[in-house]
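Below: the structure, in structure tokens.
Heavy atoms only: backbone and side chains are in, while hydrogens, waters and symmetry mates are out. Residue numbering restarts at 1 for every chain, and letters A, B, ... go by the order of the sequence lines. Being a predicted model, the structure only gives us computed values, none of them experimental.
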Amino acid sequence: MKRTGVFICHCGINIAGTVDVKKVAQELSQHAGVVHAEDYVYMCSDPGQNLIIQAVKDKKLDHVVVACCSPNLHETTFRNASKAAGLNAFRCEIANIREQCSWVHKDRAKATQKATKITKSTVEKVRRNESLEALSVPVTRRALVIGGGIAGIQASLDLANSGYEVILVERSPSIGGHMIQLSETFPTLDCSQCILTPKMVEVSKHPKIKLMTYSEVQDISGYVGNFKVKILKKPTYVDKDKCNLCDECTKVCPIVVPNEFDLGLTGRRAIYIPFPQAIPASYTLDIKACPGLLPIACGKCADVCDVKAIDYDMKPQIIEEDVGAIIVATGYDLYDKENMAEYGFGKIPDVLDGLQFERLCSASGPTKGQILRPSDKKEPKEVVFIQCSGSRDPENHCAYCSKICCMYTAKHAMLYKHHVHDGQAYIFYIDIRSGGKGYEEFVQRAVEEDGVLYLRGKVSKVFEENGKVKVWGVDTLTGKHIEIAADMVVLAQAMRPSQGAQELAKKLKLAMDKDGFLAEAHPKLRPVESVTAGLFLAGAAQAPKDIPEAVAQASGAAAKAITILSQERLYHAPTVARVFTNLCTGCGMCVQVCPYDAIALKDGKVEVNEVLCEGCGTCSATCLRSAIQVKNLSQHQVHEMINACLGG
Amino acid sequence: MKAEEFEPRIVAFLCKWCSSAGSDLAGVSRMEYPANVVPIQVMCSGSVSPLYIFSAFNRGADGVLVSGCHPGDCHYIKGNFYARRRLNMVKKLLEYVGLEPERFQMSWVSAAEGTKYTQIIKDFVKELKPLGPQTKLRRTR
Amino acid sequence: MAKIEDLKEEARKLLREGKVKYIIGYGVGSNGCMANPVFIKRPEDVDVLIWDPTCVHNLTRFLVDEKRRKAKEKQPDTRPVGIIVKGCDSRAIVVLLQEKFIDRKDVYILGVSCENAGVMDEKKLAKKLGAKRPRKIELGNKGQFIISTAEGKIEVPAAEILAERCLECKANFPVIFDVMSGDKTKRILEKPYGSIEQIEKLSPEERWNFWKAELDKCIRCYACRSVCPMCYCDECVVDSINMAVTPDTTAEEKADKTKWIQRSAEFSENFVYHMVRAIHLGGRCIDCGECERACPLDIPLRFLNKKLEREARELFGYEVGFDDSQPALISCFKDSDPEDFIR
Amino acid sequence: MEKILLKKTLPQWVKQLASYTVFCPKKDKEERWNYTEIDHEGIDLNFLNTTVPPKKILFPQKEIFLEFIKTDESNQETLEIREVLPEKKATVIFGVRPCDARAAWLLDKVFSGEFTDPYYWIRRNQTVLVGLACHVPPSENCFCPSVEGSPFSEEGLDILITDLGDKYFVKSLTKKGEQLIRAAKQLFQDPQPEDLKKVKTIRAESVKKINRQLKDARAVSSKLKGLFESPLWDEESMSCIRCGICTYLCPSCHCFDISDEVESASPLKGNRVRTWDTCQFPDFTMHSSGHNPRPEKASRLRQRLFHKFQYFVETHGQFQCVGCGRCISLCPVGIDIIRVLERVNEHGK
């Protein structure tokens, strides 16, 4: 006969105030298999825990139930106490009679009755628990970072500098992300490239970092501490070790396509280097643009390459890597101008988005830092900046606030004034959100020092009219209709999860929020962890962020990853699914429903990979023959709990 | 027994991560609701077998509630989607054989929805009272 | 028109060439005019095979026995088993394949089309004939049944004595087969769920009284699950023997096993049994009607399964028994699955 | 005592039996005959035979033996046990077919002897069986003469009624039977010679009408012994689906299981019950070790026939089969006890 001990906590008056703990103890003492039942004012206190330890020893208890607060709070406390008394941790269970009983009821009799039932059902459960030891697995002490923007770069460097090998995967030919496109950064106005390139170089030179540009994560398997990753390395057709950056190839290349780096404000050749400081410093042959290699249609680039760096026979490679932790920093894209019906569907040449304007301002940009409007390369004298373009508009566009637009628009207006002193900058805004160190001061500076004109209100229409860009809006403060014949309009487009992030998220089994940003495990307490163990989030992939935030989160993610990588072995809850082989017919339904691919068919029966299994039990509800059940929460245990709940 | 005296006995299967946490939150926020529900914490609504529901009614439950995470919020990614399918079939079956539809209910309650949990229990109890004790499926003797 | 001769020829060939272990088919029975399952091992016995409207059985049930037998054999004979299947039976094979219970190479499927008819319902026939005793029943070429009795031949429009399930059959010809006799004549169903609509339209209380009366009758002979090809579990979850016993299982553990239902054939227990069976057949039942036919007390079990078949189709667009590559109803989902019943 | 009762006065007779619970076959809505409690208006002996034999009244599918309550106040265990005996109520079953009555007579043998079964005997002794001789075989598959019964056999009956058209020939065979007649003696007249003559002819006729037979059952029974290991069982059981129809609905099958049905685990409370069980269920012989001595359906079919035609003959000198034909008519896969036994006849020496 099992010998169960029950301990009822008063929690001061938190429980005893509404639940008659003495009565509960007395009822439980009569419950079959309960050989000890007592109540105490604070079970979680040292004397309280000692009561348990003492009773286990004196009464030779083999199971313990503590009726107290939610298991989320003190389960560990009491399981450790039971351990100290010589029991296996899983011989102890918590009956939640506070949050789910005493705190939500007033009627003393009813609350007491309910507390009794909850405790009884917990007794029925615990007495059928088995002793379990945590599962442990060795850790692969390397990390994978997906995305070579500022967040990915920062995370990689932090990991590498802590002594862990890092594989940094970037899908475009160079790392640097959007930050490298920026001209200056708020609120300090220091040059973006100047502060980023040193980090990029550090990455490329770092012995612990294996940089894989022009590559994409194809498939991922395994589990925290032991992931297997398949990475597709796209062919660049240029051997970057041979290439001496002489730039002869681009001169002879007959093909011109829009240049992504300048967001189409300039063109590039089919063979190209994204930008001078690109890392890795090498050329890439864009096979989509190239007239073709099978058969070789042009071949000029190869002809002029003295160092024979160009290799048309380069093939895509699949590279497999083992890692213990993964940081996802896939960043953002701007919400496409073409979605903005009211602002001319992006068809008006002098209506730019924020990033295009950055390029215009940038010293390395298409205009070498002069602000000239695309249509006629004239200096715009009146520029209208429109905030919340596509943001905060649940009806038509994105419901959320893209967070950084207020600041960079202020920066844009300011930069414009620094370039065009006699120009006028207007900013249409809904609100100005300038929370952050030095941010509000920055906005004030734009207004006071640079005379930027802020107009509160939404722009209703933007259209071309004899060489000007007409902007119709309303100043909601004066209620006046406003019409501006601008030379140029800059839209602060909303931030969206970067292209293809969704597909990747599916491969990684990452949850996404309704807007497609990656979901964190807990909005407050676990902001850099994903719901899947071993996967961490950094940068704008998780939500719109400015640079300092992205960098901070990246370092946070790196630190979180290190908590895994720094371990010899990882421990995993042993309450996992178990197969009753004699009942299994191998129908494979459980294999299909398992969210973690933890179940596999092997000669007509299923097997559980205990390390992959998270113990959700969906398999057991699916199995028609109860042939697979979760340890310590078996269908039999639930069945007995049901009986106890219904007072029988 | 008169409806107003009758106190329905309800078993509630709450998933650990959302609904049980939501119920905890209701407690932390000291919301009040009737004491008719005895909760059983399961890992995921996806683990609630139809056997549990039939068995609960067989042992005399007046009502059974299954509550899990909102679609997309499942701690186990998709367990609640399977639950939604499976238990929809159970509900249709029970109604088909003539059990009062009110007696078996399902809800999505997130860890942040203490208020919603409270409301669901209040409504559930309110709807069950006029029905009186569930004697149809209950084991006699 | 389906000809048994074609199948006999094929069967003889298979047995002669040793391509199959044996052939499961229909033969003349000794209980009235009803056919019986027969198991033919030698080519010379093939002549006992018959095909007529009394071939009601779903022979795929015997593939379950075959698998159990094979599992026990030291050097199992891996040749396939030949089996004669109607449209509904063939859907059972699809589900068995889908659930990996059998392998396609384990069966050689001799399909036979019910064409515009199907199989007859013993009770309807008895009503029709009154005192007369049927000796033989054949399908006439005008879709009528020709019944030979001691008092001479009677012709009856098939529809009048067809089994209810045949009148609601989705595909009255095999959907999977190695050889098939007969034409793929698709019957147009004006009321695919006619039989259950009469219950659906009742008030909850009337429905309750109906099922209470029916399930009260159950004596738990378990003919329903025994005759069902989908009830291939080695142990049914409602049987309290359902536990893995090892030499070191203690007596206490043996006593402490899940008893979802008690042995007494009382309503409350019968109810749980039949509900569990219905749910477990949801998205798996191919409506061969065997459970209902086998029931010695005529509990209309088909009404339970047909209802869930309908729900599976209308709620989830799930069709049973046509595609062995699709996942089972409850092991997949759509984001768009209805949740109007959820708060 | 032999009497004549006018058909139209049958209800009046039943009316006189107010002190009894009266059963008689009634059609359920699926048109199956079923023994149902009736009042005198409900009486009607115009029926074939019931699906469930009258054994369900003498040997119900569920019988509570005892109730137990175990309380456990901090290790002070107290166990309280109360015997539950069948409720006392005089019962009459009208319209018992001679075969089913004969089965009851076989059950009597099973439940008496060294250990008499109180539960069975309380029910048996308080029940009067009023039989109805068979003019025409109630079932296609009747074969009672082949197993030493007959359409008008009297074993197990208290009264045998023979239908003479507008009147019944009522013969009482026991004290219980006579009491039943005395309860309404004014309704009964003494039979005329022509009545007796008519009874004779009807009986002679009725045997002829039976269209199934098993030749030389005794020989079969002696041949069985040699066939324990015969391949015959495999062949004949191929189509068996291991359901319980043939045995649950057999009037003479009587195997049962005893189990504790727990109402509440704490305090431990429940009943010890006897329920029907059948040798055709795989778990019938399942050991708690998991070992099953009769794992194959072949061995289970063999058991059924050996029990009926050999073991029972050895212990009680009778076949444990009364030829009602239910197992043949109701078997979903047409396993035919006559055919199997005929094959035994061919095979055995």
Quiz item: Quick one: are A/Glu614 and B/Met43 in side-chain contact, heavy atoms under 4.5 Å?
Solution: no
If we only count heavy atoms from C-beta on, is the B/Arg9 to A/Lys117 side-chain gap below 4.5 Å? yes
Check: So, for A/His105 and B/Tyr33, is the gap between ring centers shorter than 6.0 Å?
Finding: yes
Comparing A/Asp513, A/Leu633, A/Val638, A/Thr532 against chain B, the one with the most heavy-atom pairs below 4.5 Å turns out to be A/Val638
| Given side chains that start at C-beta, do those of B/Ile40 and A/Met641 come closer than 4.5 Å, heavy atoms only? | yes
Turns out that what part of A/Cys594 lies under 4.5 Å from chain B's heavy atoms comes down to backbone
Query raised in the report: Are the side chain of B/Arg30 and the backbone of A/Trp103 linked by a donor-acceptor contact shorter than 3.5 Å?
Result: no
Under 4.5 Å to a heavy atom of chain B? For A/Gln592 that would be backbone
**Q.** Side-chain donor or acceptor of A/Lys114 paired with backbone N/O of B/Asn36 under 3.5 Å
**A.** no
### Query
Taking C-beta and beyond as the side chain, do A/Val630 and B/Ser47 meet within less than 4.5 Å on heavy atoms?
no
Would you say B/Ser49 and A/Gln635 make side-chain contact, with heavy atoms under 4.5 Å? yes
Margin query: Using a 6.0 Å cut-off, check whether atom NZ of A/Lys23 has over 12 heavy atoms from anything other than its own residue.
Written below: no
The reported gap from CZ in B/Arg139 to CG in A/Leu646 (rounded to nearest 0.5 angstrom) is 11.5 Å
Rounding to 0.5 Å, atoms SG (A/Cys616) and OH (B/Tyr82) come to a distance of 9.5 Å
So, the part of B/Ser20 with a heavy atom under 4.5 Å from chain A: the answer is both
Whatever's closer than 4.5 Å to a heavy atom in chain A on B/Val11 counts as side chain
Interface check, chain A: of B/Pro34, B/Ala35, B/Cys44, most non-hydrogen pairs under 4.5 Å belong to B/Ala35
Residue from A/Met512, A/Arg98, A/Lys110 scoring the most non-hydrogen pairs under 4.5 Å with chain B is A/Lys110
When every non-hydrogen atom of A/Ala621 is compared with those of B/Pro50, the smallest separation belongs to O-CD, 4.3 Å
What one should report as the nearest heavy-atom pair of A/Gln100 and B/Asp24 is NE2-OD1, 3.2 Å
Max heavy-atom pairs within cutoff under 4.5 Å with chain B, candidates A/Asp107, A/Asn72, A/Thr622, A/Asn96, goes to A/Thr622
Notebook entry, point to check: Any side-chain heavy atom of B/Phe13 within less than 4.5 Å of one from A/Ile642?
Noted result: yes
So, the part of B/Arg86 with a heavy atom under 4.5 Å from chain A: the answer is side chain
Within the 4.5 Å heavy-atom criterion, are A/Cys645 and B/Arg59 side-chain neighbours or not?
no
So, the part of B/Leu51 with a heavy atom under 4.5 Å from chain A: the answer is side chain
Ordered numerically, the heavy-atom neighbours of chain A under 4.5 Å found in residues 69-79 of chain B are B/His75, B/Tyr76, B/Ile77, B/Lys78, B/Gly79
